[in-house]
Amino acid sequence: MPEHSNGPVDPPTFVTHLECSATGERYEADRVHGLSAAGKPLLVRYDLEALGARVSKETLAARRGGFWRYREFLPVRHDRNVVSLGEVMTPLMPLPRLARKLGAFRGDVLVKDEGRLPTGSFKARGLALAVAMAKELGLEHLAMPTNGNAGAAMAAYATQAGLRTTVFCPDDTPEINISEIEMQGAAVYRVNGLINDCGRLVGEGKETAGWFDCSTLKEPYRIEGKKTMGLELAEQMDWELPDVIFYPTGGGTGLIGMWKAFAELEAIGWIGEKRPRMVAVQASGCAPIVKAYEDGAEHAELWPDAHTVAAGIRVPAAIGDFLILQAVRDSYGFAIAVPDAEILSARDEVAREEGVLLCPEGAATYAAYKAALADGRVKPEERVVLFNCATGLKYPMPPVSRRLDHTNPIDYARL
Ligand SMILES: *Cc1c(COP(=O)(O)O)cnc(C)c1O
C-alpha cells in the first residue's frame, strides 16, 4: 500500500480523485489504475481551489526551469519519487524570415522546441510522470508500444527510477531509436507490424509477464506530464495564450493535456476564458482524426495501411480520439492533413531559411500552417504556436553529395 500522507519535506499535493473521461465515474487516487471500467482514459482531478490558494505566478517565477516547477499541478506525492534528467523550459522561437515571407506581419510565428528535453523529445514530459507515479505506486516493470521517442523516454526515466522496462517497436523504426532505447536499459523488440499491433502484444502479455501497460492514455499520468506543455506555454507567454496552436497529433496526449491545462489555469483564475484554436495536424497517409473531424464523427475509425515519414504521428487508432475531437471542436479549431512531400519540403525550408532543424512531425505543423493561411482558416495577423516535438537530429536525413579529395590541389575559388 502506498503511503497517503506527505512526509515532512514533501510539498503539498492536491489530487482528489481520478475520473473516467467518458462517463465521469470516480476512481480513488493513490492506487494503480489503467483504463476506466468503460475502457476509456482516466483523468486526474485536483482540489484546484486549494492549489490556487497555495501557489502564485510569483512563486512559480522564482523556480528553476523544467516541468517539475509545476509540482503542485502534478500527482506525485513524495519528492523521493520525482525522477529528473535535467529538464529545461523549452524555448519559444520566432521564425521571423518565414513569417515575413508568408505575410504574417506581426511576426508571431513561434516554434515551441521540445527537442531540447532529455532524450530529445517531449515524450520526456509524459514518461517522467508515468515513471514517477509507477515508482510511487510500487510498480516494478513497465511495458509499452512505441514509434521510438516514447520508448526512449520511458527507458531513460525508468532506469533512473530503478524500474525494469520492455518495449515493442514497429519493424521499420529507425535503428537510432531502437539503439537509444536499448542503451538506456530497456529490453526492446522489433515487431512486424504497426504501433497498434505492438500495443496488442503489451496488452496480451500483461498477465503472464507481469508488466504494467504504459501505452498512451492507458495509464492516467502521461497526460499530466504532457499537460505541463500548456502550463509552460502560458507562463512563457505571460499568461496570454496564442490565437492558434498547431499540434502534430498521434495519440493526442499533448493536445488533450494542453486543453486540460488551460481549463485548470482558468479555474484558478490565472488566465481568462480566451482559448487558442487547437489544430490537430496529421499526415495524409495516416489521418484518422482528420477524417472523423470532417465526417462530424465522435470517434475515429482505424486508418488502414498507415504510412508517413513522420513516425511519431503514425498512429492508426487513438484511444483518446473522442477527447482530441472534443478539444478541437470546443476550441473552434480544426484537423488538417498534409502529404509527406510537403512535410519534407517544410523541413528543408525551415532549416534553410531559419537555421532550425525540425523533426518531420514538427515540420508537418509548419506545412499545415502554410496550408491554413492559404485557405483562410488562419489569418496572417494571428499569433501562432507550432509544436516541434523532437530534435530533428533523431531522424534520417538525405545524404550530402559534395566531396573533396584533400590529397589533390583544391580550387578554393570554386567552393
Ligand atoms: C509522440 C510524438 C508525437 C505525437 O504526440 P501525441 O501527443 O501522442 O499525439 C508527435 N511528434 C513526435 C516527435 C512524437 O514523438
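On a predicted model such as this, the values are computed, not experimentally measured, just so you know. We count ligands from 1, going down the list as the structure has it; atoms in each ligand are counted the same way.
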Item to check | Salt-bridge contact Lys101-Glu349 (side-chain N to carboxylate O under 4.0 Å) | outcome: yes
Checklist outcome for this item: With sequence neighbours left out, the residues meeting ring pair (Phe, Tyr, Trp, His ring centres under 6.0 Å) with Trp303 are none
Next on the checklist: Checking Phe334 now: which residues fulfil ring pair (Phe, Tyr, Trp, His ring centres under 6.0 Å) with it, not counting sequence neighbours?
Outcome noted: none
Next on the checklist: Counting the benzene-type ring for Trp, do Trp270 and Phe73 have ring centres under 6.0 Å apart?
Outcome noted: yes
Checklist outcome for this item: Protein neighbours of ligand 1 with a heavy atom under 4.0 Å, given by chain and number, are Phe122, Lys123, Asn149, Lys226, Tyr247, Pro248, Thr249, Gly250, Gly251, Gly252, Thr253, Gly254, Gly312, Ile313, Glu361, Cys389, Ala390, Tyr395
Checklist entry - Among all residues two or more places apart in sequence or in another chain, which pass the salt bridge (Lys or Arg N to Asp or Glu O under 4.0 Å) test with Lys123? => result none
Item to check | Test side chain to side chain contact (heavy atoms under 4.5 Å, CB included) applied to Trp68 and Leu129, step by step | outcome: CA-CA 9 Å; Trp68 289 112; Leu129 262 293; 3.8 Å; yes
